[in-house]
Amino acid sequence: MRHLTRLRIGPVGFRVGSDWRGPIAALDDLYRDYPQPEGGIPDFNVHLFAARPWRRVLRPSVQIGGDFVIPDAAPLPLAQGLLAAEMGMNLQMALGQRRYLLLHASAVERDGKALLMTGMSGAGKSTLAALLMARGWRLMGDEFALLDPATGLLHGFPRLISLKNEAIAVLERALPGGRFGPMLEGTPKGTIRHLVPDARAIAAMTEPAVPRLILFPNYGFAAAERAVPPSETFVRLTQASTNYVALAERGFDALTRLVRTVPAQALDYPDTATALAQVERLWEAA
Amino acid sequence: MTRFKTAAPETLRIVPLDALTLIYHRASGITHIVDSPVPEILAALAPEPLAASDLMARLSERFDLVDADPLALAARLDELVATGLVERLCAI
Amino acid sequence: MIDARILAEALRDPATTAALDTTGWPALLAIARAEQLIGTLAHRLDGLPMPGVAARILADARASAEQGRVAALWEAEMARRALAPLAMPVILLKGTAYAAAGLAAGSGRSIGDLDILVPRARLDEAEAALLAAGWEWVKPDPYDDAYYRRWMHELPPLIHRERDRMIDVHHTILPRTARVTPDADALIADSVALANGLRVLSPDDMLCHAAAHLMADGDLAGGMRNLWDIHCLIAEFGTAGLEARAAVHGLGPAVARAARQAHALYGTVIPGSWRVWDSHDPLYRRRILARDGWGRPTRKWTRLGFYIRSHAIRMPPMMLARHLFIKWRKEG
């Protein structure tokens with residue numbers, strides 16, 4: 001491919017190739033402090049290409065390809081090439097990750113212990129993780145958390161934090177010195193702006209943590225908390241995992257161990273300030 | 001007479017949680033989340049395949065099931081056959 | 001220039017991977033994924049020295065293939081249970097058959113849908129039993145359905161509503177529109193029983209089926225995996241009697257061409273008289289190897305030719321025109 005870059009996020013190496021320079025330049029800028037794939041060999045490849053040759057120049061639209069693809073992924077305009085690259089890497093993880101149990105969850109760490117947050121899209125797991133990072137927690141990832149079946153430890157995947165719509169201004173205020181990507185208007189999810197995880201999150205990105213608390217946040221309700229029994233946590237986490245079935249008995253062992261040893265709480269919250277206070281309190285009580 | 005045969009015990013990983021029980025079935029790679037009396041049915045069928053009436057008798061004596069109902073048991077057995085945890089052996 | 005030869009070499013002689021660098025390894029792994037041969041490659045290279053990341057990726061691929069094997073054999077078992085009361089021969093085909101019979105071709109192989117062969121006269125019974133056991137039609141489109149039933153060598157695909165897995169129920173191994181008509185009765189008569197009562201084709205018929213699938217039934221997509229199957233089957237069972245058996249099914253040329261390609265790609269041991277290349281062989285080879293270092297298909301013009309050819313072989317020309325017209329109209 002004409003343009004390419006390599007990078008590593010947590011334990012996972014990527015090689016991204018593109019027909020255009022733009023998306024690669026954006027990755028190289030925002031991921032400039034990230035290491036290279038271990039031994040120079042990526043775990044996954046992503047290709048950004050023009051579906052038809054003339055689409056490289058005429059109303060260019062970016063098709064997302066890679067080792068693992070979904071057949072009818074709609075292309076994105078070239079102005080959203082960074083988003084296409086991020087989606088391509090997410091897709092490889094969602095479809096191809098086989099070493100770790102992949103949980104669609106954000107995670108932050110304090111004192112070697114991890115807090116996992118998972119929920120529906122819009123529940124605020126990305127925003128809460130970014131705000132906890134701003135308050136001194138180590139960000140492990142805003143989208144995926146990786147549970148190692150061999151050790152029971154949680155590994156981070158601190159990719160660029162994907163902020164949507166109202167969350168963008170919230171984080172711009174919380175992190176005035178933060179590094180942000182370009183404002184991407186009119187994406188399928190509205191306006192998106194990426195935030196680079198802080199220096200500590202990047203420096204410590206290969207350090208695993210012991211899971212200590214699982215939260216299921218739910219935005220837009222009066223503040224409330226409810227202990228979630230292990231069986232319900234198990235079901236919710238299988239639904240939040242793209243590779244639970246593919247990991248077979250290893251996945252079963254990893255997840256049963258997690259739900260039997262780590263408490264879980266459903267957390268309803270009306271605004272982020274309230275949520276952060278609830279999280280700190282639940283963390284201390286866990 | 002139709003008899004019912006359960007999956008071999010070494011192919012099952014049974015993990016009781018709170019009210020529910022997880023069963024990982026090694027032969028299929030499928031995880032089942034079940035409620036009582038499913039673990040009891042599987043345990044009762046483990047020594048040998050049984051006809052539904054014999055299974056009912058076995059369950060009553062071993063587990064003291066309060067609502068022993070042949071129709072309900074037949075429905076549970078149909079569900080278990082559909083999951084593959086139990087196989088229906090046809091009369092020859 | 002990198003093409004899929006890098007994968008063929010690694011499968012043929014795993015020790016050649018010692019020479020791979022940070023360009024070669026990513027290309028090998030990407031092409032193996034694209035050809036659905038990563039699990040097979042992982043088994044071939046197991047235990048050899050290699051970079052840590054490659055070893056990890058291949059260990060994951062072995063675990064993944066094992067999970068696929070379990071799931072595929074379970075589908076076969078559930079089909080066996082559904083069809084058991086009918087007491088008809090049920091013959092596993094392709095990947096599931098290799099795995100169930102414990103053949104080298106099944107080692108690490110990715111397995112897709114469940115393919116079974118049953119006697120044509122009992123197709124309706126088999127269909128009814130599967131529908132009663134939770135399988136459902138995939139295609140609600142009446143044209144597709146009529147097309148399948150009239151011309152194809154299988155029922156329209158069924159999918160299980162709980163397990164989400166497809167089953168293809170065949171009554172022979174090539175469409176009725178194809179110019180050659182394999183002897184389905186002979187396939188069934190000479191099939192071999194497994195311990196659980198399911199059956200597999202005889203080794204020669206497995207080879208005939210694999211060759212038919214590669215040369216007549218498809219557009220050569222998946223060619224490398226098919227040829228690896230053929231390579232393993234010949235290595236395990238030899239070629240004695242194969243030519244005569246292929247002739248019974250009208251598949252002599254297909255089997256010979258597949259064997260030549262397997263020989264060229266993987267060094268398969270075949271009789272000297274089979275090694276004479278014809279004028280089409282180089283084109284087939286180019287098509288089979290058409291991948292770049294990212295695993296992406298290359299040589300689009302060669303590919304397009306094969307797509308048209310593939311449909312032309314399966315359907316007489318007027319039927320092809322009608323088929324394409326209906327497809328175009330539907331796709332607007």
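Proteins get letters first, then strands, A, B, ... in listed order; numbering begins at 1 in each. Heavy atoms only: backbone and side chains are in, while hydrogens, waters and symmetry mates are out. What you see is a predicted model; the values in this text were computed from it and never measured.
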Check your understanding: In terms of heavy-atom proximity below 4.5 Å to chain C, should A:V245 be classed as side chain, backbone, both, or neither?
Key -> both
Exercise for review: Could you tell me whether the side chains of A:D142 and A:S106 share a donor-acceptor contact shorter than 3.5 Å?
Suggested key: no
Exercise for review: Heavy-atom pairs under 4.5 Å with chain C are the metric here; pick the option from A:R15, A:H47, A:R98, A:Q97 that has the most.
Suggested key: A:R15
**Study point:** Heavy-atom proximity to chain C below 4.5 Å, by part of A:V46
**Key:** backbone
Practice item. Mark yes or no for whether A:S18, through its side chain, and A:R21, through its backbone, hold a donor-acceptor pair below 3.5 Å. Key: no
Point to revise | Validation row: A:L101, A:S241 side chains within 4.5 angstrom (heavy atoms) | key: yes
**Study point:** chain C contact via A:F44 - which portion, at a heavy-atom distance below 4.5 Å
**Key:** both
Exercise for review: Starting from the C-alpha separation in whole Å, work towards a yes-or-no answer on side-chain hydrogen bond (donor to acceptor under 3.5 Å, both in side chains) for A:H194 and A:E86.
Suggested key: CA-CA 10 Å; A:H194 292 98; A:E86 288 286 311; 4.6 Å; no
Check your understanding: Using non-hydrogen atoms only, which part of C:L29 is less than 4.5 Å away from chain A: side chain, backbone, both, or neither?
Key -> side chain
Check your understanding: Does the A:D67 side chain pair with the main chain of A:N45, one donor and one acceptor, at a distance under 3.5 Å?
Key -> yes
Check your understanding: Between the side chains of A:R159 and A:N90, is a donor N or O closer than 3.5 angstrom to an acceptor N or O?
Key -> yes
Point to revise | chain A contact via C:P26 - which portion, at a heavy-atom distance below 4.5 Å | key: both
Review point. Non-hydrogen atoms of chain A under 4.5 Å away: do they reach the side chain of C:A34, the backbone, both or neither?
Key: neither
